[in-house]
Amino acid sequence: MNGLNIRPCEQDDIAAITEIYSHHVLHSLATFECDPPGPEEMAKRWRSALERGYPYLVAERQGEVVGYAYAGPYRARPAYRYAVENSVYVRADSARQGIGLALLQVLIQECERNDFRQMIAVIGDSANDASIGLHQRLGFSMTGTLRSVGFKFGRWVDTVLMQRELGAGDHTLPS
């Protein structure tokens with residue numbers, strides 16, 4: 001995407017990602033969090049991801065952070081150590097411009113470099129066609145819908161699960 005730079009997140013990006021995420025917490029079903037975390041909490045989450053070997057990226061255009069993406073553990077137990085869950089958030093005024101696609105493409109590449117084998121998308125709201133379509137475009141398959149597992153904005157909300165193989169997937173043993 002012309003003029004878009006995908007790079008590792010840095011400490012100076014925390015204010016921008018906090019603002020982006022806060023908008024999604026307050027106005028969307030992309031996250032089931034109800035109270036926006038502050039910059040200190042977002043910095044703690046960022047540091048935790050990096051310390052545990054997960055990629056955390058930002059998309060920058062004309063010197064401004066317009067989106068971010070990261071991977072984290074799918075589940076905490078050791079047997080899940082080769083599976084990651086992805087998260088992608090784009091600034092509201094920059095939606096549907098290919099930023100999420102660019103972020104997720106690089107995130108997939110970074111996870112493959114780290115020998116992760118499966119990527120799971122946990123998508124808030126079965127009506128979230130943009131996120132479902134983005135993941136389908138990058139090779140994710142629908143694995144299921146958990147009906148009415150969230151309650152936000154006065155209504156029950158589904159969670160959609162999608163999955164994509166990374167690298168050799170389950171065709172070889174991990175190193």
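One is the number of the first residue; the rest follow in order along the sequence.
- Ser28 is linked by a side-chain contact (heavy atoms from CB on, under 4.5 Å) to His24, Ala30, counting only residues two or more places apart in sequence or in another chain.
- Under the 4.5 Å side-chain heavy-atom criterion for ILVMFWY residues, no single connected hydrophobic cluster contains both Tyr80 and Tyr82.
- Closest heavy-atom contact between Gly100 and Val90: N-CG2, 3.7 Å.
- Applying the under-4.5 Å side-chain rule to Ile, Leu, Val, Met, Phe, Trp and Tyr, the cluster around Val58 extends to Ile14, Ile17, Ile20, Tyr21, Val25, Met42, Trp46, Leu50, Tyr56, Val65, Tyr68, Tyr70, Tyr89.
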Set out, in order, the CA-CA distance, both residues' side-chain angles and the distance that settles side-chain contact (heavy atoms from CB on, under 4.5 Å) for Arg7 and Asp13, then state yes or no. CA-CA 11 Å; Arg7 60 172 176 76; Asp13 301 319; 2.8 Å; yes
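- Residues forming a side-chain contact (heavy atoms from CB on, under 4.5 Å) with Arg47 (at least two apart in sequence, or on another chain): Gln11, Ala43, Lys44, Glu51.
- Pairs passing the side-chain hydrogen bond (donor to acceptor under 3.5 Å, both in side chains) check and including a residue from residues 138-151, sequence neighbours excluded, do not occur.
- When the side-chain hydrogen bond (donor to acceptor under 3.5 Å, both in side chains) test is applied to Ser22, no partner is found at least two apart in sequence or on another chain.
- Within the structure, every pair that satisfies the side-chain hydrogen bond (donor to acceptor under 3.5 Å, both in side chains) test and touches residues 151-167, not counting sequence neighbours, is listed here: Gln118-Gln163, Asp125-Arg155, Ser126-Asp158, Glu165-His171.
- Pairing each heavy atom of Leu166 with each of Cys111, the nearest pair is CD1-CB, 3.8 Å.
- When the side chains of ILVMFWY residues are joined at heavy-atom separations under 4.5 Å, either directly or via intervening members, Leu134 and Ile132 end up in a single hydrophobic cluster.
- Hydrophobic clustering, with ILVMFWY side chains joined whenever heavy atoms are under 4.5 angstrom apart, keeps Leu104 apart from Ile120.
- Tracing side-chain contacts under 4.5 Å through hydrophobic residues (I, L, V, M, F, W, Y), one never reaches Leu26 starting from Phe151; they form parts of separate clusters.
- By the side-chain hydrogen bond (donor to acceptor under 3.5 Å, both in side chains) test, Asp115 is found to be paired with Arg117, Ser175, residues two or more places apart in sequence or in another chain being considered.
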Using the rule given for side-chain contact (heavy atoms from CB on, under 4.5 Å), can you reason through Leu4 versus Val66, listing the C-alpha separation, both sets of side-chain angles and the distance that settles it, and then say yes or no? CA-CA 9 Å; Leu4 190 68; Val66 292; 3.9 Å; yes
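- Annotation for Arg96 and Ala130: closest pair NH2-CB, 3.3 Å, computed over non-hydrogen atoms.
- Within the structure, the ring-ring contact (aromatic ring centres under 6.0 Å, His included) test picks out the following pairs touching residues 126-149 (sequence neighbours left out): His135-Phe140.
- No more than 12 heavy-atom neighbours from other residues, nucleotides or ligands sit within 6.0 angstrom of CG on Asp35.
- Note on Leu146: it does not cluster hydrophobically with Met162, by side-chain heavy-atom contacts below 4.5 Å among ILVMFWY residues.
- Applying the ring pair (Phe, Tyr, Trp, His ring centres under 6.0 Å) test to Phe153 and every residue at least two apart in sequence or in another chain returns nothing.
- Contact check for Arg81 versus Pro174: no side-chain heavy atoms found under the 4.5 Å cut-off.
- Every pair passing ring-ring contact (aromatic ring centres under 6.0 Å, His included) that includes a residue from residues 90-128 is listed here, sequence neighbours excluded: Tyr54-Phe116.
- Using a 4.5 Å heavy-atom threshold, the side chains of Asn86 and Ile108 count as separate.
- Applying the side-chain hydrogen bond (donor to acceptor under 3.5 Å, both in side chains) rule to Glu64 yields the partners Arg91; only residues at least two apart in sequence or on another chain are considered.
- Distance check, rounded to the nearest 0.5 Å: CD of Glu41 to CD of Glu33 gives 7.5 Å.
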Pair Asn128, Leu29 - check side-chain contact (heavy atoms from CB on, under 4.5 Å), show working. CA-CA 8 Å; Asn128 189 343; Leu29 297 169; over 6 Å; no
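- A search for side-chain contact (heavy atoms from CB on, under 4.5 Å) contacts involving Ala69 returns Val88, Leu103, Leu107, not counting sequence neighbours.
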